[in-house]
Amino acid sequence: MYLLLYIVANVAMFYITPIMFSFHPYKLPVFYFILRFLLLMTSVILLPILLKEVIQKNRNNKKSIFISIGIVFLFLFYFAETFFTFYPETNGVNNTYCSKTWKYYYWNLNKQGFRDIEFKPLYGNYKPIIIFAGDSYTEGHGIKNPADRVSNIVRERFTNYNIFNIGKAGMGIKEEMNLIFKMPLNPKIIVLQICSNDWDYLKIQHQSNKRIPNILFAGINTTFFSKYSITFNYFHANLNNIIEKLFTHKLTDGQALKIYETFRINKTNYIKDRNVFEVFKYCANHTSLPTDTAQARIFNLFKEYNPSLKAMLDSSLFNNYLYKLK
């Protein structure tokens, strides 16, 4: 009976994991979080009952050490599952269950679908309107309290304006333009934030073979375990990031030498690390060049490894982009 209950509790716990993270970010599925916690506690309570006889039989033989390691692993696993069930941690692409928990905790949308106060009460006071549009930087990705965003700070300080934040994560110039045109408002000022999503729009027309992917945007191939276990999901995502940082971002000796020479770093001061970001960081901190010159050289060198910068520096593409902005 105990074994059957233990199996049912574990199967149910793993089964509901993808379900509880399938809801909208602003709708915390409290029932599933509580149910998963109770199933975990049931498993923890049943585990020593089930293992009691096994431990007694193998107390003095060679199997005892392996059994002990297995028991410790299971208890640590259940502890980790319990911890990560409620642990909120945001990241660049919201690709872990923990980052979705973060959104459940801190991401509230108004009736119009934006992460802001309700717009309707502001419509009738006839104050001039300022719209903040953009992607996740405007929406406040990684910011727990929306009051810390630029749009909210402006709203607090400029009470003679109606301030609307219509930022949406992942938006580029095309989506932002469509959204602004569809808003039933006549803004006096539009604050349009532009960044990496807009460069991605340009990159479609400007492909590059030389690429060092951003660490935050590591490609995650969800495995069986990382789909049903929050612990495996968390470490799988972060392991991919670590592997990418250690191996994907490596410079050759020739590339590193070029960077050191550009920043006039003495050969005796070269560092062993070949991570591109660490080398640039070291050179920027130890160069004898003036700050403005060093910054210009960082930009000119780094653009070789960053297709977004290459797209920005393509005058025909970027002029076309500026035309769309105007």
Side-chain angles (χ1 to χ4, degrees), residues 5-47 69-109 115 135-137 139-144 168-170 196-197 200 212-249 275 277:
L5 185 59
Y6 178 80
I7 293 172
V8 170
N10 278 270
V11 170
M13 176 191 70
F14 291 123
Y15 176 76
I16 67 171
T17 301
I19 298 174
M20 66 188 279
F21 291 106
S22 63
F23 292 87
H24 291 294
Y26 53 87
K27 187 178 181 181
L28 175 66
V30 178
F31 169 77
Y32 283 100
F33 274 81
I34 294 175
L35 177 60
R36 196 174 197 276
F37 174 75
L38 293 175
L39 291 169
L40 279 164
M41 292 301 99
T42 301
S43 301
V44 171
I45 292 170
L46 289 174
L47 191 60
I69 292 172
I71 293 171
V72 170
F73 170 79
L74 284 173
F75 275 107
L76 288 176
F77 173 75
Y78 286 125
F79 172 79
E81 283 291 314
T82 306
F83 173 77
F84 284 117
T85 297
F86 301 97
Y87 175 62
E89 181 185 84
T90 185
N91 66 10
V93 289
N94 193 39
N95 64 348
T96 64
Y97 287 141
C98 291
S99 61
K100 291 180 180 179
T101 300
W102 186 94
K103 276 204 162 187
Y104 283 146
Y105 287 177
Y106 305 112
W107 208 262
N108 296 309
L109 304 182
R115 194 189 183 200
D135 53 33
S136 55
Y137 289 91
E139 194 175 21
H141 182 80
I143 297 176
K144 293 180 181 180
K168 279 288 184 182
S196 56
N197 297 318
D200 291 338
I212 292 184
N214 190 314
I215 294 173
L216 291 177
F217 290 78
I220 305 297
N221 296 317
T222 305
T223 63
F224 176 84
F225 292 109
S226 66
K227 181 179 180 180
Y228 296 101
S229 165
I230 302 177
T231 303
F232 278 99
N233 175 273
Y234 180 84
F235 286 107
H236 181 213
N238 284 281
L239 180 62
N240 276 351
N241 290 341
I242 292 169
I243 291 172
E244 187 169 292
K245 185 175 181 181
L246 291 175
F247 301 105
T248 309
H249 301 273
N275 180 277
F277 300 108

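Here the structure is a predicted model, which means the values were calculated and not measured.
- Around OH of Tyr105, the count of heavy atoms belonging to other residues, nucleotides or ligands within 6.0 Å exceeds 12.
- If you take OG on Ser43 and CG on Leu74, they are separated by 10.0 Å, rounding to the nearest 0.5 Å.
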Quick one, Leu109 with Trp107, criterion side-chain contact (heavy atoms from CB on, under 4.5 Å). Give me CA distance, side-chain angles, the key distance, then yes/no. CA-CA 7 Å; Leu109 304 182; Trp107 208 262; 3.6 Å; yes

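- Ring centers of Phe84 and Phe235: under 6.0 Å apart, within the cut-off.
- Between Tyr87 and Glu89, the side chains place a donor N or O and an acceptor N or O closer than 3.5 Å (distance only, hydrogens not considered).
- Taking 4.5 Å as the limit, some side-chain heavy atom of Thr96 sits within range of a side-chain heavy atom of Ser99.
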How far apart are the C-alpha atoms of Phe23 and Tyr32, what are their side-chain angles, what is the distance that settles it, and do they pass the ring pair (Phe, Tyr, Trp, His ring centres under 6.0 Å) test? CA-CA 11 Å; Phe23 292 87; Tyr32 283 100; 5.7 Å; yes

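- Atom NZ in Lys100 sits 12.5 Å away from atom NE2 in His24 (nearest 0.5 Å).
- Results of the side-chain hydrogen bond (donor to acceptor under 3.5 Å, both in side chains) test with Thr17 over Lys227, Glu81, Arg36 single out Arg36 as the only residue that passes.
- Between Tyr104 and Lys27 there is no side-chain heavy-atom pair separated by less than 4.5 Å.
- Within the 4.5 Å cutoff, no side-chain heavy atoms of Asn108 are placed close to those of Arg115.
- Side-chain atoms of Thr90 and His141, non-hydrogen and from C-beta on, do get closer than 4.5 Å to each other.
- Thr85 and Thr82 form no side-chain donor-acceptor contact under 3.5 Å, judged by distance and modelled atom types alone.
- Here the CD1-CG distance, from Ile34 to Leu39, works out to 12.0 Å after rounding to the nearest 0.5 Å.
- Between atom CD1 of residue Ile45 and atom OH of residue Tyr6 there is a gap of 12.5 Å, rounded to the nearest 0.5 Å.
- In this pair, Phe37 and Phe86 present their aromatic rings perpendicular. The plane angle is above 60°, beyond the 30 to 60° band.
- Distance check, rounded to the nearest 0.5 Å: CZ of Phe77 to CG of Leu40 gives 8.0 Å.
- What you find for Glu139 and Ala169 is that their closest heavy atoms are OE1-N, 2.8 Å.
- Using a 4.5 Å heavy-atom cutoff, the side chains of Phe21 and Ile230 are in contact.
- Scanning both residues, Thr42 and Ala9, for their nearest heavy atoms gives CG2-CB, 4.2 Å.
- Results of the side-chain contact (heavy atoms from CB on, under 4.5 Å) test with Ser229 over Tyr234, Tyr97, Phe14 single out Phe14 as the only residue that passes.
- Remark: the backbone N or O of Leu47 is not paired with any side-chain donor or acceptor of Tyr78 at under 3.5 angstrom.
- Atom OH of residue Tyr106 and atom OG1 of residue Thr101 lie 10.5 Å apart, to the nearest 0.5 angstrom.
- In terms of heavy atoms, Ile19 sits closest to Tyr15 at CD1-CE2, 3.6 Å.
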